[in-house]
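Contents: one structure, followed by commentary.
Just follow the structure's listing: the first ligand is 1, and inside any ligand the first atom is 1. Just so you know, residue 1 is the first one in the sequence shown, and it goes up from there.
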Amino acid sequence: MSPEVRRELDYVIIRPHSPDDQNAIEQLHLGNWPKSNSKKDSAPEDLIPEPGETVFIAEDSIGEMVGCIYYFPRLVDVDLHGLVVKKACRRQGIAAELIRVAEEQAQRDGFVRITIEAASKKLVNYYQSLGFSLISNSRKRLAKDIGTKQFAV
Ligand SMILES: CC(C)(COP(=O)(O)OP(=O)(O)OC[C@H]1O[C@@H](n2cnc3c(N)ncnc32)[C@H](O)[C@@H]1OP(=O)(O)O)[C@@H](O)C(=O)NCCC(=O)NCCS
């Protein structure tokens, strides 16, 4: 298979998903989720958002889906998972931007912590570079304290 031609993006917008996005989300995962990663998060039945769950979608200037992240509010924190970026659009900060948008949403929703599970040691380092700390070495699980949003009075 020939490598995908790298695409430099002018800009990306990030928005919450709608039901119409489900097919594109599945295609994004199918074509860009590494075979070596666990099946978790990549099987079509696992890609249907749970009630209360949001998928943040990154879209390029022509409306093509280039990345996404699942945002699942729990009792005490928000679990982020299913993060994927189209191969040809990587290393431009799209994943970091998706995480930033999810973090801001978590603050608006009143949470003080977000968590994520890394698929590899390299991704542990990547999430640490974004301010996460390891909370379970065996599961490569990380958390980030996001404090409470300061509202101007
Ligand atoms: C992991 C993944 C989501 C990262 O997506 P991404 O959009 O490329 O991520 P970013 O651009 O934010 O950062 C990736 C790297 O590019 C670097 N980078 C960011 N912007 C850059 C730019 N403008 N130019 C060059 N490099 C850049 C980052 O510093 C980071 O470097 P590092 O790997 O040395 O830490 C993507 O590789 C992917 O979809 N992988 C397959 C699915 C997967 O494993 N998901 C995670 C499950 S836990």
### Task
Take every heavy atom of Pro34, measure it against each atom of ligand 1, and state whether any distance is under 4.0 Å.
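In this structure, Pro34 qualifies as a contact of ligand 1 - some heavy atom is under 4.0 Å.
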
### Message
Is Lys122 close enough to touch ligand 1? Criterion: a residue heavy atom under 4.0 Å from a ligand atom.
### Response
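Lys122 counts as a contact of ligand 1 under the 4.0 Å cut-off.
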
Any N or O of [X] that comes nearer than 3.5 Å to an N or O of ligand 1?
X	answer
Cys89	no
Ala95	yes
Tyr127	no
Gly93	yes

Proximal ligand 1 atoms for [X], defined as those under 4.0 Å from one of its heavy atoms:
X	result
Ile94	7 (O), 11 (O)
Val85	5 (O), 7 (O), 38 (C), 39 (O)
Asn32	41 (C)
Ala96	12 (O)

### Query
So, Gln27 side chain and Gln22 main chain: donor-acceptor pair closer than 3.5 Å or not?
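The answer is no, because no donor-acceptor pair under 3.5 Å joins these two groups.
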
### Message
Keeping Lys144 on the side-chain end and Leu130 on the backbone end, is there a donor-acceptor pair under 3.5 Å?
### Response
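Yes.
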
Residues [X] and [Y] bridged, charged N to O under 4.0 Å:
X	Y	result
Glu64	Arg7	yes
Lys140	Glu117	no
Glu97	Arg100	yes
Asp79	Arg113	no

### Message
Heavy atom to atom 46 (C) of ligand 1, shortest distance: which of Leu28, Ile69, Leu130, Leu83 holds it?
### Response
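Going through Leu28, Ile69, Leu130, Leu83 one by one, Leu83 has the nearest heavy atom to atom 46 (C) of ligand 1.
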
### Query
atom 36 (C) of ligand 1: which of His29, Arg90, Arg100, Gln92 has the nearest heavy atom?
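Minimum heavy-atom distance to atom 36 (C) of ligand 1 goes to Arg90.
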
#### Entry: His29 and Tyr70 aromatic ring geometry - parallel, tilted or perpendicular at 30°/60° bounds
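The arrangement is perpendicular - the two ring planes meet at more than 60°.
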
### Task
Determine whether the side chains of Glu53 and His17 contain a donor N or O and an acceptor N or O closer than 3.5 Å.
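No, His17 and Glu53 have no side-chain donor paired with an acceptor closer than 3.5 Å.
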
### Query
Pick from Val55, Ile57, Leu83, Leu80: which one makes a side chain to side chain contact (heavy atoms under 4.5 Å, CB included) with Leu98?
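Result: among Val55, Ile57, Leu83, Leu80, Leu83 is the only option passing the side chain to side chain contact (heavy atoms under 4.5 Å, CB included) with Leu98.
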
### Task
Between Arg91 and ligand 1, find which residue part has any heavy-atom pair under 4.0 Å and reply side chain, backbone, both or neither.
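Contact part for Arg91 vs ligand 1: both backbone and side chain.
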
### Task
Answer with side chain, backbone, both or neither: which part of Glu117 has a heavy atom less than 4.0 angstrom from an atom of ligand 1?
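The backbone, only.
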
